[in-house]
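For reference, the structure is listed below as structure tokens.
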Amino acid sequence: MISAVRQRLGPKAVVTESSEIAPWLADWRGRFHGQSAAILAPASTEEVAEIVRLAAEHRVPLVPQGGNTSMVGGAIPPSDGSAVLLSMRRMNRVRSLDPDSRIALAEAGVILATLQDAAHQAGLRFPLTLGARGSCTIGGLASTNAGGTQVLKFGAMRALVAGIEAVLPDGSVHNGLSGLKKDNRGYSIDQLLIGAEGTLGVVTAVALRLVPAIAARAVAWVGVESPAAALSLLRFLEARMSAVEGFELVAEDSLQLVLEHIPGTRAPLASQHPWQVLIEATTADAETDIGAELETLLGEALSAGVIGDATLASNEAQAEAFWRIRDSISEAERAQGQTLAHDISVAVADMPAFLVEASAEVERAFPGTIASGFGHLGDGNIHFHVRARSRSALDWYKSEAPAITRLVDDLVTAAGGSISAEHGIGQMKIAELARLGPPARLHAMRAIKRALDPLGIMNPGKLVP
Ligand SMILES: Cc1cc2nc3c(=O)[nH]c(=O)nc-3n(C[C@H](O)[C@H](O)[C@H](O)COP(=O)(O)OP(=O)(O)OC[C@H]3O[C@@H](n4cnc5c(N)ncnc54)[C@H](O)[C@@H]3O)c2cc1C
């Protein structure tokens, strides 16, 4: 199959040098390792279609890969070498960017930061952003329905994709880039491909919705008594302004870890609080004094007893310093020792109580652990992390991690939540999805997979148990 691809598409489309393949065979955290005899690297949709047809003919599974920043081992091939990596990184053109319709047409391999820069140059903005913005690709973001820190206002990828072009497992090309605002011809193939993690086809290009560029932003750090108080603050603000787009919960324990391990960080507030919130409010209107608006509202929230204290970043450098604290939590945890991460969601209104109760339950069941959460409270999505109380207890990870994860997943499922809020299933969570997925959902997912990919050539062993 590899030589057939080389023959049809030329040497540029095939990499077989093992030293060039090796960096793409493990995920960025080094938890998953695979094998692949080659990396196939098409430069156009037609070339992708040709590769998929050859893969079907030779019954060789393909593993689509963008920036390989998946949190769940989604882009790592099986370790038996039975599949071939399909890198989308050569398809890296922004085909068009139309300021009138506010639509950008980007090929799957365009890096998120590149698209954000292109939108910025046109006086616009692609609002989705996340820590991997310098490496992750538009195709990968669509295929994982990625979220990030601005979901509260703009939604995840599902809300920001206006259309998708993709090669389906039989080699046919689905073109959803027609720009139709209304189209009720039945199932949405575009939406089916979003979050499909490469199991239903190869995304080759995406039409993305842009929004006006930010004229100003206000960033605040707030101390609160509990996650419930944090949610009350969000509701208080939302009732009075529509500008809040970032609302990140941070436990005091997480803040202390960052201050201890990340050089140059400082506590934003002089007072101590059990929980903190990072708030970002933005405006596209240069006349609006967004800082004054947020400051007034936080003053009212303080007087009403909703919050304990608050400070507004006085300049961009301070705003960045606040965000750096939030973005460094995982790094600080790694510096402290091993952390067991769970990307979970429950209904927004239920998250405060869930967070408190689930933390207590895990700490009770596994003495010596600390359970806590941080992240996108306004989306009902928390990164629920469990770690040891002291470095000397490192052994706990090896022996207890699977049981802790099972308990967390059981608690989430019992609360009607999701064991994967934004990172997807990949290979990491496939067994848990099989164990806990609602039967109707699992049945429908398997039926869709069988119908569209009867030969099972698209990203086997991922997502669909
Ligand atoms: C530091 C860091 C921070 C992150 N923060 C967040 C966050 O806040 N929110 C969040 O949601 N996620 C976050 N992520 C994970 C996020 O899911 C990925 O960054 C991104 O969505 C994947 O893009 P990628 O190009 O790297 O895809 P890859 O990792 O290469 O692939 C991801 C999955 O998509 C499939 N795929 C890739 N390209 C295609 C394609 N063209 N067609 C079909 N299938 C394809 C792969 O087979 C795989 O299943 C973070 C990751 C890192 C490393």
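Remember, predicted model here, so these are calculated numbers, not experimental data. Note that ligands are numbered from 1 as they come in the structure, with each ligand's atoms numbered from 1 the same way.
Residues V219 and E280 approach most closely at CG2-OE1, 3.6 Å, considering heavy atoms. In terms of heavy-atom proximity, L259 sits nearest to A267 at CD2-N, 3.5 Å.
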Please tabulate, one pair per line, all N/O donor-acceptor pairs under 3.5 Å involving side-chain atoms of residues 2-20, not counting sequence neighbours.
{"from": "R8", "atom 1": "NH1", "to": "E50", "atom 2": "OE2", "distance (Å)": "2.4"}

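Pairs of residues two or more places apart, or lying in two chains, that qualify as side chain to side chain donor-acceptor pair (under 3.5 Å) and include a residue from residues 54-68 are Q65-R89. Residue pairs meeting the ring-ring contact (aromatic ring centres under 6.0 Å, His included) criterion with at least one partner in residues 442-465, sequence neighbours excluded, do not occur; the list is empty.
Near ligand 1, W28, P64, Q65, G66, G67, N68, T69, S70, M71, G74, A75, M88, A108, L130, G131, A132, C136, T137, G139, G140, L141, S143, T144, A146, G147, G148, E197, G198, G201, V202, V203, E422, H423, N459 each place a heavy atom less than 4.0 angstrom from the ligand.
The backbone N or O of L85 sits less than 3.5 Å from a side-chain atom of S36, completing a donor-acceptor pair.
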